[in-house]
Amino acid sequence: QVQLVESGGGLVQAGGSLRLSCAASGRTFSSYAMGWFRQAPGKEREFVAAISWSTGRTYYADSVKGRFTISRDNAKNTVYLQMNSLKPEDTAVYYCATAPHPNDYSDSGTYDYWGQGTQVTVSS
């Protein structure tokens, strides 16, 4: 049974930082991709960042490029999202997800397992 458990969300002032974690279990992730998505109230879920577990290659949405960094710890089966220079528009529930051999890392339909989400609130 694949499980993804996010943690690290919270309330932070604009300009601040948070680090989200996603602990993964239940499959051999070495050939999979891990992604972070977010969903704000009244909006569709959107791609934030992704990483190839095997190569470490990373992908980012334009809105977070230069501010967010995705990384992985193979030994801990954990993926991180370091978020710096946070803005009020980053407020959302953040989800991690896993995908087998995605062609498009930004396509949420590619991902087959999702975590429960963690709330990030950025105050102005």
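Quantities reported herein were computed from a predicted structural model and do not represent experimental measurements.
Q116 approaches L4 most closely through the heavy-atom pair OE1-O, 3.6 Å. Looking at every heavy atom in both residues, V48 comes nearest to V64 through O-CG2, 3.5 Å. Looking at every heavy atom in both residues, T91 comes nearest to A40 through O-CB, 3.6 Å. Contact record, Y111 with A33: CE2-O, 4.4 Å, taken as the closest heavy-atom pair. In plain terms, the two heavy atoms of S123 and L11 that are nearest each other are CB-CD1, 4.4 Å. Across S108 and W114, no two heavy atoms sit closer than the pair O-CZ2, 3.5 Å.
Sorted by first and then second residue, the side-chain hydrogen bond (donor to acceptor under 3.5 Å, both in side chains) pairs involving residues 17-27 (not counting sequence neighbours) are S17-N84, R27-T98, R27-D112.
Taking OG from S124 and CD from E89, the interatomic distance works out to 10.0 Å, rounded to the nearest 0.5 Å. To the nearest 0.5 Å, atoms CD (E6) and SG (C96) are separated by 4.0 Å. Rounded to the nearest 0.5 Å, atoms OH (Y80) and CE (M34) are 11.5 Å apart. To the nearest 0.5 Å, the span separating CZ on R72 from OG on S54 amounts to 7.5 Å. Going from atom OH of Y105 over to atom CD1 of I51 covers 9.5 Å, rounded to the nearest 0.5 Å.
For the pair D90 and K87, the salt-bridge criterion is not met [side-chain N within less than 4.0 Å of a carboxylate O].
Follow the hydrophobic side-chain contacts under 4.5 Å out from Y59 and you reach F37 in the same cluster.
Proximity of a side-chain donor or acceptor of Q119 to a complementary backbone N or O of G9 within less than 3.5 Å is not detected. Not one N or O on the side chain of Y60 forms a donor-acceptor pair closer than 3.5 Å with the backbone of R67. Between the side chain of T78 and the backbone N or O of K76 there is at least one donor-acceptor pair closer than 3.5 Å. Side-chain atoms of Q39 do not come within 3.5 Å of backbone N or O of E44 as any donor-acceptor pair.
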Evaluate the side-chain contact (heavy atoms from CB on, under 4.5 Å) criterion for residues L86 and L18: first the C-alpha distance (whole Å), next the side-chain angles of each, then the deciding distance (0.1 Å), finally the verdict. CA-CA 8 Å; L86 282 161; L18 282 174; 4.2 Å; yes
Where do Q13 and V122 land on the side-chain contact (heavy atoms from CB on, under 4.5 Å) test, with the steps shown first? CA-CA 5 Å; Q13 288 189 331; V122 184; over 6 Å; no
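Within a 6.0 Å sphere centred on NZ of K65, other residues, nucleotides and ligands contribute more than 12 heavy atoms.
Cation-pi check for R38 over Y95 is not met; the charged atom does not lie both under 6.0 angstrom from the ring centroid and within 45 degrees of its normal.
Between Y94 and F68, the ring planes lie tilted relative to each other; the angle falls in the 30° to 60° range.
With sequence neighbours left out, Y32 forms a ring-ring contact (aromatic ring centres under 6.0 Å, His included) with no residue at all.
Between I70 and V79, some side-chain heavy-atom pair lies under the 4.5 Å cut-off. You'll find the side chain of T118 reaches within 4.5 Å of the side chain of L20, heavy atoms only.
For an aromatic pair to be called close, the ring centres must be under 6.0 Å apart, and F47 with W36 fails this.
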